[in-house]
J.: 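This is the structure I have questions about; it appears just below.
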Amino acid sequence: SSASGTVYINTNTIFAGDIGLGGTGLYTSSHSLNIDGTGLAIKNTINGSNNNWSTITNTDSGSAANLVFTTGSGIALTLAHNTDATFTGIVTTDKILVTKGQNVSHGASQLRISQEDTATSELRFYGANTSTAGTLRFLGSSSDGSVGGERLRIDSNGVLQLTETSASGFLNVMEHL
């Protein structure tokens, strides 16, 4: 049935061909579902409260397209028109993290992993401003973070600092001329 130009379907339905939702209909026939407007909202009707919506929205204007993925807790991922991806939460992988490409921009208080050329990988750590170099710390801890501490540090002057809690061994540094 329909009312005021709205179509209600109360059963399983299969559509043959492309579907256009919104005022302008189909944008392209190379994709089966075309949606105009700002985006798509998905509600969890299985469990939850009133904030159990997720959305995919286009937040840019003009000919650009920034896709923002939002859950009931807030923005999770932004895919920018220039192909940058920004995650606002913790990113977890149970596989290998691979980074490619040269570091061509810089920023305050960041850690960047990049491939500078075919033979040089880089781990770059930035300070808080243009006059402060970064400091990199290596920490060891138990699974809940309660036991452990700093093991190694490279400070903003490039000084390597090792932390030893028990003097049970020696550090041997060999200089090659």
Side-chain angles (χ1 to χ4, degrees), residues 18-146 148-158:
D18 298 333
I19 300 169
L21 301 175
T24 58
L26 293 177
Y27 293 116
T28 174
S29 60
S30 63
H31 295 77
S32 297
L33 178 61
N34 292 247
I35 304 171
D36 75 349
T38 59
L40 173 68
I42 305 164
K43 182 168 176 53
N44 174 2
T45 58
I46 298 170
N47 290 309
S49 61
N50 290 333
N51 72 340
N52 57 357
W53 286 88
S54 296
T55 61
I56 303 171
T57 56
N58 180 0
T59 60
D60 213 327
S61 59
S63 61
N66 289 338
L67 290 181
V68 176
F69 293 78
T70 306
T71 67
S73 298
I75 294 174
L77 168 65
T78 300
L79 300 176
H81 186 76
N82 67 358
T83 70
D84 287 349
T86 304
F87 293 88
T88 56
I90 295 172
V91 178
T92 304
T93 178
D94 62 352
K95 302 294 180 189
I96 296 171
L97 174 65
V98 177
T99 63
K100 295 181 178 182
Q102 187 176 20
N103 181 17
V104 294
S105 64
H106 307 283
S109 302
Q110 296 180 18
L111 177 67
R112 292 187 178 210
I113 302 170
S114 61
Q115 186 69 32
E116 292 302 297
D117 57 46
T118 58
T120 308
S121 298
E122 184 174 281
L123 175 65
R124 187 178 286 223
F125 43 102
Y126 292 90
N129 54 48
T130 58
S131 62
T132 306
T135 296
L136 180 64
R137 298 186 320 157
F138 292 84
L139 293 93
S141 66
S142 58
S143 62
D144 65 355
S146 64
E150 186 173 316
R151 304 296 190 243
L152 181 137
R153 175 188 296 226
I154 303 171
D155 72 13
S156 59
N157 294 314

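Each residue takes its place number in the sequence, starting with 1.
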J.: Return the CG to OG1 distance between Leu67 and Thr59, rounded to the nearest 0.5 Å.
T.: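 Rounded to the nearest 0.5 Å, the CG-OG1 separation comes out at 8.0 Å.
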J.: My understanding is that only one of Asn82, Asn58, Asp60 makes a side chain to side chain donor-acceptor pair (under 3.5 Å) with Asn66; could you say which?
T.: Asp60
J.: At what distance, to the nearest 0.5 angstrom, does OG1 of Thr57 lie from CD1 of Ile75?
T.: 7.5 Å
J.: Measuring only between side-chain heavy atoms, which start at C-beta, is Leu136 closer than 4.5 Å to Leu123?
T.: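 Yes - at least one pair of side-chain heavy atoms lies under 4.5 Å apart.
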J.: State the CZ-CD1 distance between Phe125 and Ile113, to the nearest 0.5 angstrom.
T.: 12.5 Å
J.: Of all the heavy-atom pairs spanning Gln115 and Ser121, show the shortest one and how long it is.
T.: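 Shortest heavy-atom separation between Gln115 and Ser121 comes out as OE1-OG, 2.8 Å.
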J.: Could you report the tightest heavy-atom contact between Ser142 and Asp144, atom names first, then the distance?
T.: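 That closest heavy-atom pairing would be OG-OD1, 2.8 Å.
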J.: Is there a side-chain contact between Trp53 and Thr70, using heavy atoms and a 4.5 Å cut-off?
T.: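 Sidechains of Thr70 and Trp53: no contact.
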J.: What distance do Leu97 atom CG and Thr92 atom OG1 have between them, rounded to the nearest 0.5 Å?
T.: 11.5 Å
J.: What pair of heavy atoms forms the shortest contact from Glu116 to Glu122, and how long is it?
T.: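 Between these two residues, the closest heavy atoms are CG-OE1, 3.5 Å.
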J.: For Ala128 and Ser109, work out which heavy atoms get closest and say how close.
T.: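 Scanning both residues completely, I find the closest heavy atoms to be CA-OG, 3.5 Å.
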J.: Roughly how far, to the nearest 0.5 Å, is the CD1 atom of Ile42 from the OG1 atom of Thr71?
T.: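 Here the interatomic distance stands at 11.5 Å.
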J.: Can you name the nearest heavy-atom pair linking Leu139 to Glu150, along with the distance?
T.: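 In this case the closest contact between Leu139 and Glu150 is CG-CA, 4.0 Å.
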J.: Treating Arg151 as the side-chain partner and Gly149 as the backbone partner, does any N or O pair qualify as donor plus acceptor under 3.5 Å?
T.: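 Yes; at least one donor-acceptor contact below 3.5 Å.
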J.: If you compare all heavy atoms of Gly101 against all heavy atoms of Ser114, which two are closest, and at what distance to 0.1 Å?
T.: O-CB, 3.4 Å
J.: Does Asp117 reach the side chain of Gln102, with side-chain heavy atoms less than 4.5 Å apart?
T.: no
J.: Got a second to check how far Phe69's CZ is from Thr88's OG1, nearest 0.5 Å?
T.: 12.5 Å
